[in-house]
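To start, the structure under review is shown below, and the notes come after it.
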Protein chains: 2
Amino acid sequence: MKKLELVKGDVLQRKGDSNSKVFLVEQGLLYAYTIDEKGKEHIFMFAPKGWIVADISLAPNTSELYIEAIEDSVVIEKKRSSELNNTSNIKLERRIAVLQNRVIMLMSASAIERYSHFIKTYPEIVQRVPQRMIASYLGITPEALSKVKSAKMKNNKK
Amino acid sequence: MKKLELVKGDVLQRKGDSNSKVFLVEQGLLYAYTIDEKGKEHIFMFAPKGWIVADISLAPNTSELYIEAIEDSVVIEKKRSSELNNTSNIKLERRIAVLQNRVIMLMSASAIERYSHFIKTYPEIVQRVPQRMIASYLGITPEALSKVKSAKMKNNKK
DNA sequence: CTCATTTCTTAATCTAGGTTAATGCATATT
DNA sequence: AATATGCATTAACCTAGATTAAGAAATGAG
């Protein structure tokens with residue numbers, strides 16, 4: 001738990017780094033973002049004074065996100081594990097991880113990519129739920145989902 | 001903290017209801033969704049066995065979400081406040097609330113609606129950050145954001 | 001088993017937002 | 001001051017996915 005002074009442009013965490021740290025913004029403004037395969041940046045969140053920024057993902061030790069200072073800033077760095085001392089915390093963190101993934105998907109992935117990710121992540125649910133609900137969860141229409149599925153089959157990517 | 005037995009189609013919580021409850025799924029499958037102004041349903045999450053479902057929104061007592069059973073299910077109902085006994089929990093809940101809003105926005109709102117919501121919710125950040133970052137946060141291109149802004153000005157909806 | 005309702009698929013058309021490219025502004029750098 | 005680099009805006013075109021519509025398949029109720 002130490003205090004860090006940052007100047008505009010400093011990068012606190014890179015994709016692939018350990019994600020065991022949590023940063024509390026004491027002053028200034030940071031932001032967290034991903035960069036997709038095409039090199040495009042997608043801003044996941046802004047973190048002004050008083051907010052916490054962290055990559056809270058399901059993968060144990062690989063950050064999905066870059067965290068960077070937009071302005072000169074002061075942050076407190078904590079170990080994430082110190083937050084994990086009770087059950088409700090763990091459940092809440094899992095929820096955040098799922099939502100983080102969902103936001104990144106919605107921002108950066110096409111219908112096909114979203115569907116592929118969904119069936120990989122929730123294979124049991126795919127079986128138990130009507131197509132129109134999956135479409136709605138993915139943020140597309142049932143008609144578009146039909147198209148996606150037949151496109152996938154033709155490509156043997158079933 | 002009581003146990004509820006649900007049959008397929010039972011609605012646990014409606015938009016506008018108190019959101020002070022958290023449901024732990026012991027068996028079956030539930031889902032949480034919003035309905036937009038046009039009557040269209042947007043599925044926010046599925047909740048199979050072992051998951052928690054709840055509307056964790058910033059507004060104190062008005063759920064944004066409907067929660068409903070897709071299959072016959074058994075859930076444990078808890079008071080949400082019982083989860084709120086320490087600081088890190090409150091911070092985590094705030095993060096979830098923000099992410100919940102963000103997912104709903106990304107799923108159901110047009111570029112104009114997303115921008116309007118953003119400037120209302122984070123007026124300070126709009127001033128401190130380049131346009132291209134706001135566009136990226138909204139999930140649109142800087143060019144599209146330019147269009148949106150000039151469209152808004154013409155409509156006096158500035 | 002039959003009729004009704006909902007779900008899924010396919011196809012034709014439409015549109016919001018993406019892509020590309022050119023231009024004007026700022027802010028840096030020498 | 002002059003040049004360079006990045007940011008914002010505008011406009012012409014393009015494309016993924018929405019909308020609309022109709023038929024086929026599945027599910028359900030009596």
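Every chain is numbered from 1 and lettered A, B, ... according to where its sequence line falls, protein lines coming before strand lines.
- Between dT10(C), dA21(C), dG17(C), one nucleotide has an atom nearer to the side chain of S150(A) than all others, and that is dT10(C).
- At whole-Å resolution of the value, CG in D36(A) and C1' in dG18(C) are 14 Å apart.
- At least one side-chain nitrogen or oxygen of T141(B) sits closer than 4.0 Å to the OP1 or OP2 atom of dG18(C).
- Considering H42(A), E68(A), E41(A) as possible partners of Y33(A), the one that fulfils the side-chain hydrogen bond (donor to acceptor under 3.5 Å, both in side chains) test is E68(A).
- Cation-pi geometry between R114(B) and Y137(B) is not met: the NZ or CZ atom fails to fall both under 6.0 Å from the ring centre and inside 45° of the normal.
- Protein atom CZ of R132(B) is 7 Å distant from nucleotide atom P of dA8(D), rounded to whole Å.
- In this structure, I140(B) places its CD1 atom 6 Å from P of dG18(C), rounding to the nearest Å.
- Of the two residues contacting DNA chain D, namely S146(B) and G139(A), the nearest-nucleotide position lying further toward the 5' end is that of S146(B).
- Protein atom CG of L138(A) is 16 Å distant from nucleotide atom C1' of dC8(C), rounded to whole Å.
- For the residue pair N101(A) and E64(A), no side-chain donor N or O sits within less than 3.5 Å of a side-chain acceptor on the partner.
- Between K149(A) atom NZ and dC8(C) atom P the separation is 7 Å, expressed in whole Å.
- Between Y122(A) and F46(B), a ring centre-to-centre spacing not shorter than 6.0 Å is recorded.
- In this structure, S116(B) contributes its side chain and I112(B) its backbone to a donor-acceptor pair below 3.5 Å.
- Atom CD in Q131(B) sits about 8 Å away from atom C1' in dA8(D), given to the nearest Å.
- If you check dT20(D), dA18(D), dC7(D) against the side chain of E143(A), the one that comes closest is dT20(D).
- Using a 4.0 Å heavy-atom distance criterion, K40(B) is classed as a sugar-phosphate-only contact.
- Each of M133(A) and A111(B) was matched to the nucleotide of DNA chain C holding its nearest heavy atom; the match closer to the 5' end belongs to M133(A).
- Atom NZ of K147(A) is separated from atom C1' of dA11(C) by 9 Å (rounded to the nearest Å).
- Note: CG (L145(A)) to C1' (dT9(C)) measures 11 Å, nearest angstrom.
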